[in-house]
2 protein chains.
Amino acid sequence: MSKTARPVPPRAPTLEDVARSAGLSSMTVSRALNTPQLVRPKTVEKVLAAVKATGYIPNALAGGLASRRSKLIAVVVPQINNNMFVDTIQAISDELAVRGYHMLLCVAGYTQQTEAELVAALLSRRPDGIVLTGIHHSTDLKKVILNASVPVVEIWDLTPTPLDMLVGFSHEKVGQATAEYLLRKGYRRPGLLWTVDKRAMQRKAGLCEVLGRHGITDPLSVDVALPARFTSGREGLSQLLALGESDVIVCSSDTLAQGAIVEAQARGLRVPQDVAVIGFGDLDFAAGNNPAITTVSVDRQIIGQRAATLLMERIEGTRSGEEIVDIGFHFIERESA
Amino acid sequence: MSKTARPVPPRAPTLEDVARSAGLSSMTVSRALNTPQLVRPKTVEKVLAAVKATGYIPNALAGGLASRRSKLIAVVVPQINNNMFVDTIQAISDELAVRGYHMLLCVAGYTQQTEAELVAALLSRRPDGIVLTGIHHSTDLKKVILNASVPVVEIWDLTPTPLDMLVGFSHEKVGQATAEYLLRKGYRRPGLLWTVDKRAMQRKAGLCEVLGRHGITDPLSVDVALPARFTSGREGLSQLLALGESDVIVCSSDTLAQGAIVEAQARGLRVPQDVAVIGFGDLDFAAGNNPAITTVSVDRQIIGQRAATLLMERIEGTRSGEEIVDIGFHFIERESA
DNA sequence: TTGTACGCGTTATCAC
DNA sequence: GTGATAACGCGTACAA
């Protein structure tokens, strides 16, 4: 066999190639693939055979350009290695995959500046929808997004005035509910172990507001760096104990709570008898921990599912109904407080 | 102001619009944006001003179609809500963002079938590179990928015959190292708490091989479902104890190990005196746990970084050197075993 | 340094 | 039910 005997072009087969192979026009092939119900069944068969024969793989870049629909959803989160967001991301991804969409995932950290830059870059991909974490964005970002008139869902927070659509819950109310629980249980000297991100601060605000109304002001407080880690929980409790006595440690996440509990136990303190601990998130270890962690449960998957379906519906034009979804939360009393 | 006074078209501004606004050709605008060093500085300024004035956002769909470069990297992982992979994913994302690339993330679960389907769909996006988790893929997938002649990096595993490039480590050796440690420490009745994914099974094979050579065959063993959870660790240990006595529990992940330790402690067993526990992964809680977890450390971020840079280099044509990167691992002796 | 012509692979639209 | 044609918005190749 001579080398020149291989007339196959190195470029990927196109719709044209399939059409030629099937003895049809490229337009018919396109229809057979995208809207088979508009094509005679026998023709569809021929096309499918030709596709297999040629090894054709559609070019979504060209398709998106022509149709002005990229079937791409951009998702922006502050972090991935944060137990809170991964379940949401996975839920979005699962929901999209079913419908032929793909997920562009970006990690923005916790600054509005980088978020704005990332979204600007992301918009060049012409996503059909965008998922943004949180409701606090730079004015630049808001302008750019509204200008692009692309559907947006903000997640993991609540506001009466979202950019567009929203799926989340009230962090302030979580804080309030936590405070009310503490007070009901008779705790009077809370110590706070807290990360400093926006949403955690809202929970803290809600917590302190209710505490303040009951005469508990300026509770002992230790800030820890993001992301919340088990180790930070242990160290944080040490610092908190050095500041003074607490009868309950309120943590901004279960991860911190788990660390705090271990640190307490290592010091011979009984949880909750000597010091109680409360977390947030109901992560998978919370129920099984010893003692089981009293915490606030949030359905992280539902956030992703609803966000994805809201976008899908808006894109397909079948939206009707509310655009602000409050998924709420549950306070879960267990053993640690 | 009459309504007809707004001649602005609803469509997004294009390179043409910017060019008109700047009194230049669209090609010059394109160059000013992509290769400014080829354009007179004053012209670049004019272009930038016009871009700002028009609110132009590049269309990467059109750009990718024309240049045959999507600046997209597809990443396929079995799960996201798995502490092992998130750090790798985040590292990839970070590395890509710096260079103007974006990450398409897909969750494939643990079946080759869905992985193959996802990759096929992904290829229609014309990614410039693909990151695949693991080295076991369906023959279909391999054929499709080789045919597409797109750079691929397989991660989290090791083989002398990767599809293309590879960044990982030997799970078998991890298992062997673990076995050798056990034997050295004098443990003779190991119990296994194991997930059933491919990579975990390789570690198990390495472990059992060395154990077998020392006369320890058919160790007690309990399989747990994916993803590995704290709760599964607790339950798994219960089952294992029901099967018989063990002096050391070897777990396929730190998450399981943490659960097992808590379960042991809840039963009044001292770790490691009454029963030792070994994990895998060196997750962030391992060092701080009480007792600190003896485990195997793997640099999950490096995997992502190297995978991304390998792809970048191959794409930019600046590759030179090895294509199989063994990042190794470290056995970390702590308190739990 | 800047501009022109054309092609990238697909879909919208309208004709048959 | 199928085909022809013209976009879609940009970059490559080459000319000026």
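Owing to the predicted nature of the structure, the values given are computational and were not obtained by experimental measurement. Each chain gets a letter, A, B and so on, in the order its sequence line appears, and its residues count up from 1.
- Under the side-chain hydrogen bond (donor to acceptor under 3.5 Å, both in side chains) criterion, B:Arg125 pairs with A:His102, not counting sequence neighbours.
- The interatomic distance linking B:Arg68 (CZ) with D:dA13 (C1') rounds to 14 Å, in whole Å.
- For the salt bridge (Lys or Arg N to Asp or Glu O under 4.0 Å) condition, the pairs that include at least one residue of residues 19-42 of chain B, sequence neighbours left out, are B:Asp17-B:Arg20.
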What pairs of nitrogen or oxygen atoms, one from the protein and one from nucleotides 2-6 of chain D, lie under 3.5 Å apart?
unit_1	atom_1	unit_2	atom_2	d
D:dT2	OP1	A:Arg40	NH2	3.2
D:dT2	OP1	A:Thr43	OG1	2.4
D:dT2	OP2	A:Arg40	N	3.0
D:dT2	OP2	A:Thr43	OG1	3.4
D:dG3	OP2	A:Ser25	N	3.1
D:dG3	OP2	A:Ser25	OG	3.2
D:dG3	OP2	A:Thr28	OG1	2.3
D:dG3	N7	A:Arg31	NH2	2.6
D:dG3	O6	A:Arg31	NH1	3.2
D:dG3	O6	A:Arg31	NH2	3.4

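- Remark: A:Ser21 pairs with no residue by the side-chain hydrogen bond (donor to acceptor under 3.5 Å, both in side chains) rule, at least two apart or across chains.
- Taking both residues in full, the closest heavy atoms of B:Ile327 and B:Asp299 are given as CD1-O, 3.7 Å, listed atom of the first, atom of the second, then distance.
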So A:Glu117 and A:Gln113, side-chain hydrogen bond (donor to acceptor under 3.5 Å, both in side chains) or not? Walk me through it.
CA-CA 6 Å; A:Glu117 287 168 8; A:Gln113 170 72 11; 2.7 Å; yes
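- Residues in residues 104-160 of chain B take part in these ring-ring contact (aromatic ring centres under 6.0 Å, His included) pairs, two or more places apart or across chains: B:Phe85-B:Trp156, B:Trp156-B:Phe169.
- What separates CG of B:Asn34 from P of D:dG9 is a distance of 17 Å, to the nearest Å.
- Taking atom CG of B:Leu33 as the reference point, atom P of C:dT2 lies 14 Å away to the nearest angstrom.
- Taken residue by residue, residues 60-67 of chain B places heavy atoms nearer than 4.0 Å to DNA chain C at B:Leu65, B:Ala66.
- Shown here are the ring pair (Phe, Tyr, Trp, His ring centres under 6.0 Å) partners of A:Tyr101, two or more places apart in sequence or in another chain: there are none.
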Donor-acceptor pairs under 3.5 Å, side chain of residues 71-81 of chain B to any protein atom, not counting sequence neighbours: which ones?
unit_1	atom_1	unit_2	atom_2	d
B:Asn81	ND2	A:Asp87	OD1	3.2

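- Rounded to an integer number of Å, the gap from B:Leu15 CG to D:dT12 P is 12 Å.
- The list of salt bridge (Lys or Arg N to Asp or Glu O under 4.0 Å) pairs with a residue in residues 89-113 of chain A, not counting sequence neighbours, reads A:Glu95-A:Arg99.
- Atom CD1 in B:Ile57 sits roughly 17 Å away from atom C1' in D:dC8 (whole-Å rounding).
- Contact check, A:Ser30 against C:dT10: no side-chain N or O comes under 4.0 Å of OP1 or OP2.
- Between B:Lys46 atom NZ and C:dT1 atom C1' the separation is 12 Å, expressed in whole Å.
- Spacing between atom CZ of B:Arg126 and atom P of D:dC10 amounts to 20 Å, rounded to whole angstrom units.
- Rounded to an integer number of Å, the gap from A:Asn59 CG to C:dT11 C1' is 12 Å.
- A rotation axis mapping the C1' atoms of four pairs onto the next four is fitted at both ends of the helix from C:dT1-D:dA16 to C:dC16-D:dG1 over five pairs, and the angle between these axes is 30° to 10 degrees.
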Show the atom names and distances, to 0.1 Å, of all donor-acceptor pairs under 3.5 Å that link a side chain in residues 46-62 of chain A to residues at least two apart or in another chain.
unit_1	atom_1	unit_2	atom_2	d
A:Thr54	OG1	A:Ala50	O	2.8
A:Thr54	OG1	A:Val51	O	3.2
A:Thr54	OG1	A:Tyr56	N	3.4
A:Asn59	OD1	A:Leu61	N	2.8
A:Asn59	OD1	A:Ala62	N	3.1

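- Take A:Arg314 and apply the side-chain hydrogen bond (donor to acceptor under 3.5 Å, both in side chains) test, not counting sequence neighbours, and it matches A:Asp164, A:Glu323.
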